[in-house]
2 protein chains.
Amino acid sequence: MHSLNNLIIEFYDKLSSWEQSVVKDTGYSLAQVHTIEVLGSHGPMRMKELADRLGITTGTLTVQVEKLVQFGLIARTPHEVDRRSILVELTSEGTALHKHHNRMHLQLTEDITRHLDPESIKVLTQSFEKMNREF
Amino acid sequence: MHSLNNLIIEFYDKLSSWEQSVVKDTGYSLAQVHTIEVLGSHGPMRMKELADRLGITTGTLTVQVEKLVQFGLIARTPHEVDRRSILVELTSEGTALHKHHNRMHLQLTEDITRHLDPESIKVLTQSFEKMNREF
DNA sequence: ATTATTTTGTTTGATTGTCAAGTTATTTGG
DNA sequence: CCAAATAACTTGACAATCAAACAAAATAAT
C-alpha cells in the first residue's frame with residue numbers, strides 16, 4: 001500500500017511534467033490549454049460550469065475566455081433560455097487544438113503501457129474505473 | 001486503449017483537485033507545499049537541483065525559498081565543498097508538514113483502492129512501476 | 001599559471017493567473 | 001410583485017513565474 005502510494009505520486013509528478021512540456025510546445029499557457037481540454041471533452045457550457053470544472057472563479061475565467069476568443073480558439077454565444085448566461089464553445093481552430101492535444105495524450109498512454117500484457121491492461125483499466133469512482 | 005487513456009486523464013484531474021483542496025487546508029500555497037514535498041521525499045539538496053525537480057528557474061526558487069525560510073519550514077546551510085552553492089533542507093516544522101501531507105496521500109490511496117482485491121492491487125502496483133519507467 | 005568558460009544563486013522588471021469584493025442584469029421563490 | 005439568489009463582469013491586489021543581467025566561484029583550455 002505504501003509503495004503503491006509512492007508510485008501514484010511519482011506517476012502524477014511525471015504526468016505533470018509531461019503535460020507542461022507538451023503544452024509549452026503549443027505556444028499557449030497551461031491554463032489556456034486546460035480550458036480548451038475541458039470544453040473539448042465536455043462540449044459547450046456556461047461560464048459558471050466551466051469555472052467550476054477548472055476550479056477557478058468566474059472573474060478569473062472572464063479574463064481567460066476573453067484572451068481565448070481573441071486567439072480564435074473559442075466563441076461566446078448567448079444562452080437560449082437564461083439571458084444571464086453565456087455559452088462557451090470551441091471554434092474549429094479550438095477543436096483542432098483539442099484534437100491535437102488528445103492525440104498527444106493517446107500517444108503517451110500507448111508509450112507508457114507498451115510493456116504491459118493485455119491482461120494487465122484489462123486489470124489496470126478496471127482498477128482506474130474503480131479508483132475514479134471513489135474520489 | 002482509448003478508454004484507458006480517458007481514465008488516466010480523469011484520474012489525473014481528480015488527483016489535481018484533491019491536491020488543491022488538501023493544500024488549501026494547510027494555509028500554504030500549492031507551490032510552497034510542493035517544495036516541501038520534494039525536500040521531504042528526496043532530502044536536502046542544492047537550489048539548482050531543487051529548481052530542476054520543481055520545474056522552475058532558480059530565480060523563482062530564490063524568492064520562494066526566502067518565504068519558506070521566514071515561515072520556518074526550511075533552512076539554508078552552506079554547501080561543504082562548493083562555495084557557490086547552498087543546501088536547502090526541512091526544519092522540524094517543515095518535516096512535520098511533509099509527514100502530515102504524506103499521511104493525507106496514504107489515506108487517499110487507501111480510500112480509492114478499497115474496492116480492489118489483493119490481486120488487482122498487485123497488478124496495479126506492477127503496472128505503475130512499468131509505466132513510471134517509460135516516461 | 002593565467003585566462004576563458006561554465007555553473008550557481010540572486011536581483012529586477014514584466015507578465016500571467018488568481019481571488020475577493022463590488023456591480024449589473026436576470027431569474028427564481030415567496 | 002418584490003426579495004433573494006444567480007450569472008457574468010470589473011477592478012485592485014497579490015502569488016508565481018520567466019528572462020535577462022549580475023556577481024562569485026568552480027572548471028576547462030591554452
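Protein chains get the first letters and strands the later ones, always in sequence-line order, with residue 1 at the start of each.
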B/Leu30 CG to C/dC19 P, straight-line distance once rounded to whole Å: 12 Å
Contact between A/Leu68 and A/Phe71 at the side-chain level, heavy atoms closer than 4.5 Å - yes or no? yes
Nucleotide D/dT6, atom C1' - distance to CD1 of A/Ile86 in whole Å: 14 Å
Gap between atoms NE2 and P, on B/His79 and C/dT7 respectively (whole Å): 16 Å
Quick check on side chain to side chain contact (heavy atoms under 4.5 Å, CB included): which of A/Ile36, A/Leu97, A/Leu50 does A/Ile74 satisfy it with? A/Ile36
Checking one value: the base orientation of D/dA15, syn if chi is within 90 degrees of 0, otherwise anti. syn
For A/His79, is the NE2 atom crowded, meaning more than 12 foreign heavy atoms sit under 6.0 Å from it? yes
Assigned partner base of C/dA25, Watson-Crick or wobble definition, under 3.5 Å: D/dT6
Give a yes-or-no answer on whether the side chains of B/Glu10 and B/Asn6 include a donor-acceptor pair shorter than 3.5 Å. no
What is the per-nucleotide protein-contact pattern of nucleotides 24-30 of chain C, from the 5' end, where B denotes a base atom under 4.0 Å from a protein heavy atom, S denotes such proximity for sugar-phosphate atoms only, and - denotes neither? -BBS---
Does any donor atom in the side chain of B/Glu37 or B/His98 lie under 3.5 Å from an acceptor atom in the other side chain? no
Within residues 42-77 of chain A, find the residues that approach DNA chain C with a heavy atom at under 4.0 Å, and present them sorted by residue number. A/Gly55, A/Ile56, A/Thr57, A/Thr60, A/Gln64, A/Lys67
Side chains of B/Ser16 and B/Asp13, donor plus acceptor under 3.5 Å: no
With a 3.5 angstrom cut-off on both distances, give the Watson-Crick or G-U wobble partner of C/dT3, or none if there isn't one. D/dA28
Using side chain to side chain donor-acceptor pair (under 3.5 Å) as the criterion, point out the one residue from A/Lys24, A/His101, A/His34, A/Lys14 that pairs with A/Glu19. A/His101
Would you say a side-chain N or O of B/Ser29 is under 4.0 Å from OP1 or OP2 of D/dA16? yes
Looking only at side-chain N and O atoms, does B/Thr95 offer a donor or acceptor that is under 3.5 Å from a partner on B/Ser92? no
